[in-house]
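Here is how names work: the chains are called A, B, and so on, in the same order as the sequence lines, proteins then strands, and each is numbered from 1.
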Amino acid sequence: MDVLYFAWVRERIGLPKERIDSDAATVADLVDELRAREDRYAAAFADLTALRVAVDQQLSDFDAPLSGVREVAFFPPMTGG
Amino acid sequence: MRVAVQEAPFDLGAEVAGFADGCGGMGAVVSFTGIVRDRPGSGLQAMEIEHYPGMTEAALTRIAQEAQARWSLGDVLVIHRFGRLAPGETIMMVATAARHRKDAFEAAEYLMDYLKSRAPFWKKEIARDGAEWVAARDEDEAALDRW
């Protein structure tokens, strides 16, 4: 699946988008996998209350299933308007 | 209904006039415009707005459709810019048309409340002494509860 990062999450991880082959069952499982990769991921995902997630471009929750999902995005709370 | 996500500036006067012209039979047009604040002494040089292409357009369309479902509206317009904006530049606008002003005002407030916290935009303030992401405010999230 494609994993996208926006705003300070993108800056902390150092890239806007990457392709990840994962068997993670849920968003939370994917986060655990990413955290274990490198310090920059652990830093970006240190506090999940500071993050929001979209699954296939729909705002979602960290317990959302990833079966059949093409795109997951992580970002801070939105500041539109 | 029209939703536009664009980097280019827009002509506020022309947009509002064009919107009102297209709303024959409506008695009320309300518009709101967001502008990059110019705080004297802040050293703010620019506002950088990032967004999530694809999701942004879908989220704005959904918010506008929800407003149309809740209030009796003739039309809705949402324009939101992204990219690098200078203080004083127009960031975004919403306009609503209705037969009566209450629907137009309430729907415009609803659009703004949801745009703030449910449309995937992120703002970064670029100042002389550094850059900082604008944090979401608790009161913006709380504002959704009234709807």
**Asked** Do B:Glu15 and B:Arg2 pass the side chain to side chain contact (heavy atoms under 4.5 Å, CB included) test, and can you show the C-alpha distance, the side-chain angles, and the key distance before you say yes or no?
**Response** CA-CA 11 Å; B:Glu15 291 292 351; B:Arg2 182 160 76 91; 2.7 Å; yes
**Request:** Check the pair A:Arg52 / B:Glu141 against salt bridge (charged side-chain N to carboxylate O under 4.0 Å, His left out), numbers first and verdict last.
**Result:** CA-CA 13 Å; A:Arg52 301 291 179 268; B:Glu141 188 65 30; 5.4 Å; no
**Request:** Test B:Arg118 against B:Glu66 for salt bridge (charged side-chain N to carboxylate O under 4.0 Å, His left out), laying out the working first.
**Result:** CA-CA 13 Å; B:Arg118 291 292 182 275; B:Glu66 182 63 26; over 6 Å; no
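For B:Glu89, the CD atom is densely surrounded, since the number of other residues' heavy atoms within 6.0 Å is greater than 12. By the 6.0 Å contact criterion, CZ on A:Arg37 is enclosed, its count of non-hydrogen atoms from other residues, nucleotides or ligands being greater than 12.
The CG atom of B:Asp113 sits 10.5 Å away from atom CD1 of B:Ile63, with the distance rounded to the nearest 0.5 Å.
The part of B:Lys124 that comes within reach of chain A is its side chain, from C-beta onward, which places non-hydrogen atoms under 4.5 angstrom from that chain. Neither the backbone nor the side chain of B:Ala58 has a heavy atom closer than 4.5 Å to any heavy atom of chain A. Within the 4.5 angstrom heavy-atom criterion, atoms from both the backbone and the side chain of A:Ala7 approach chain B. Proximity to chain B is limited to the side chain of A:Arg10, based on heavy atoms less than 4.5 angstrom apart. Neither the backbone nor the side chain of B:Ala59 has a heavy atom closer than 4.5 Å to any heavy atom of chain A.
B:Glu106 places no side-chain N or O within 3.5 Å of a backbone atom of B:Asp103 that could act as its donor or acceptor partner. Checking side-chain atoms of B:Arg99 against main-chain N and O of B:Ser72 turns up no donor-acceptor pair under 3.5 Å.
Contact tally against chain A (heavy-atom pairs below 4.5 Å) for B:Phe121, B:Phe82, B:Tyr114, B:Trp133: the top residue is B:Trp133.
Among the residues in residues 66-81 of chain A, those with a non-hydrogen atom closer than 4.5 angstrom to a non-hydrogen atom of chain B are A:Glu71, A:Ala73, A:Phe75, A:Pro76, A:Pro77, A:Met78, A:Thr79, A:Gly80, A:Gly81.
B:Ile126 and B:Leu44 fall into different hydrophobic clusters, where Ile, Leu, Val, Met, Phe, Trp and Tyr are joined by side-chain heavy atoms under 4.5 Å apart, directly or via other members.
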